[in-house]
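This is a predicted model, so every value here is computed, not measured. Each chain gets a letter, A, B and so on, in the order its sequence line appears, and its residues count up from 1.
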There are 2 protein chains.
Amino acid sequence: MDLLKQRVKEDGVVIDERILKVDGFLNHQIDAQLMHEIGNTFHEQFKNEGVTKVLTIEASGIAPAIMTALHFNVPCLFAKKAKPSTLTKDVYHADIHSFTKNNTSTVIVSDEFLSEDDRVLIIDDFLANGDASLGLNEIVQQAQATTVGIGIVVEKSFQQGRKRLEDSGLNVSSLCKVASLKGNNVTFVDETVSEEV
Amino acid sequence: MDLLKQRVKEDGVVIDERILKVDGFLNHQIDAQLMHEIGNTFHEQFKNEGVTKVLTIEASGIAPAIMTALHFNVPCLFAKKAKPSTLTKDVYHADIHSFTKNNTSTVIVSDEFLSEDDRVLIIDDFLANGDASLGLNEIVQQAQATTVGIGIVVEKSFQQGRKRLEDSGLNVSSLCKVASLKGNNVTFVDETVSEEV
């Protein structure tokens with residue numbers, strides 16, 4: 001998605017060789033028109049999958065997920081970061097390790113809003129090691145629902161996320177794939193030599 | 001906004017005389033079409049105010065705020081709940097007491113994304129005692145920007161929020177005003193006897 005790549009190039013801040021900060025249009029300030037276009041693109045990619053629900057995690061996943069849900073005309077559901085006291089029998093839950101924050105949090109989804117008939121599209125802002133998407137997929141499995149795909153805004157292709165998701169049999173679509181953050185520079189997968197050959 | 005009132009009536013769960021749970025379409029599962037319509041309504045109400053930015057708080061404010069920003073074609077900015085360690089000199093911050101959760105958290109906005117030229121529309125999901133909106137307005141003031149209005153999805157008119165915001169000189173627009181939650185029932189302001197006279 002060229003519009004997205006352009007914004008990553010222009011506004012992304014390379015913190016180190018593993019962390020890319022996109023607070024200017026995705027993780028703090030959000031470009032609403034870009035999110036709308038992202039939603040449209042995910043809809044194009046998954047429109048034949050019979051999606052009944054879009055699932056994400058608070059907080060940065062909400063903007064791309066709600067715009068995707070708008071195009072599908074289905075509800076958006078966001079997993080909430082929860083305290084242990086909220087882990088009642090009425091919730092599905094998963095433990096998710098955050099690569100950027102280096103902590104583990106439990107997220108929950110009420111069993112009211114996910115059932116075995118649901119065909120779920122998981123949307124997230126970043127794919128690093130895949131823990132968030134794997135955790136959301138675990139919640140979908142607890143509900144005996146079906147994950148039809150994973151839509152990622154920015155994939156860091158030099159980390160293990162895609163491989164771990166694909167090894168779990170999940171269909172991953174990333175709108176922008178970062179091959180490297182070396183030299184304080186963002187290089188996309190389709191700019192690397194191996195892709196050009 | 002009749003569509004919203006209908007959803008509150010149908011899907012809202014009265015927890016007690018002061019707490020209304022709307023997890024079915026706003027605070028956990030989100031109705032994307034309804035949020036789009038909410039964004040359209042806020043745009044109609046504030047379109048002559050020269051809005052340059054929509055400001056909200058994570059997580060439940062993001063969906064109505066991003067849809068409002070979409071209609072205004074301006075960026076959406078969400079204040080982040082922060083740990084004390086993140087309170088550097090590069091951030092605006094405010095302490096906000098949550099009525100529902102009965103705790104106080106500090107929220108921050110990076111000074112990169114708000115400046116004195118900004119005309120800010122604050123959007124939030126609920127108005128109870130007004131602490132969230134007052135905290136966001138404090139952040140706008142720290143940036144020497146201007147708050148042009150406060151757009152609220154669900155106002156609990158039996159609490160002090162509106163009065164406190166208006167006493168601060170703020171222009172408040174609520175799409176749905178709950179007069180009472182007594183008797184396990186949602187009564188809107190325009191349904192009460194005093195309004196009908």
| Should Leu170(A) and Val51(A) be regarded as members of a common hydrophobic cluster, given that ILVMFWY residues are connected when their side-chain heavy atoms come within less than 4.5 Å of each other, either directly or indirectly? | no

| field | Which atoms of Lys81(B) approach chain A - backbone, side chain, both or neither, heavy atom under 4.5 Å | value | neither

| Joint cluster assignment, Ile96(B) & Val54(B), ILVMFWY side-chain distance < 4.5 Å | no

| request: Would you kindly confirm whether Ile150(A) and Leu175(A) end up in one hydrophobic cluster when ILVMFWY residues are joined by side chain heavy atoms under 4.5 Å apart? | output: no

| request: Run the numbers on Ile66(B) and Ile62(A) for side chain to side chain contact (heavy atoms under 4.5 Å, CB included), then give the verdict. | output: CA-CA 9 Å; Ile66(B) 191 86; Ile62(A) 295 176; over 6 Å; no

| task | Check whether any side-chain heavy atom of Leu70(B) lies under 4.5 Å from a side-chain heavy atom of Met67(A), and answer yes or no. | result | yes

| task | Report the distance from atom SG of Cys76(B) to atom CE of Met35(A), rounding to the nearest 0.5 Å. | result | 10.0 Å

| field | Residue pair Asn27(A) / Phe78(B): nearest heavy atoms and the distance that separates them | value | O-CZ, 3.2 Å

| request: Walk me through it: do Gln29(A) and Leu55(B) pass the test side chain to side chain contact (heavy atoms under 4.5 Å, CB included)? | output: CA-CA 9 Å; Gln29(A) 179 169 261; Leu55(B) 177 64; over 6 Å; no

| task | Among Asp23(B), Thr68(B), Leu34(B), single out the residue with the greatest number of heavy-atom pairs under 4.5 Å to chain A. | result | Asp23(B)

| Hydrophobic cluster membership, Val22(A) vs Leu181(A), 4.5 Å side-chain cutoff | yes

| query | Among the clusters formed by ILVMFWY side chains lying less than 4.5 Å apart, do Phe46(B) and Met1(B) turn up in the same one? | reply | yes

| query | Are there residues of residues 134-145 of chain B that reach to under 4.5 Å of chain A by heavy atoms, and which ones? | reply | none

| task | Grab the two heavy atoms, one from Gln33(B) and one from Ala69(A), that are nearest each other, plus how far apart they are. | result | NE2-O, 4.4 Å

| field | Greater than 12 external heavy atoms within 6.0 Å of Lys9(B)'s NZ | value | yes

| task | Residue by residue, scan residues 106-127 of chain B and write down, ordered by number, those that have a heavy-atom distance under 4.5 Å to chain A; if none do, write 'none'. | result | Ile108(B), Val109(B), Ser110(B), Phe113(B)

| field | Least distance between heavy atoms, Ala32(A) atom then Val74(B) atom | value | CB-O, 4.3 Å

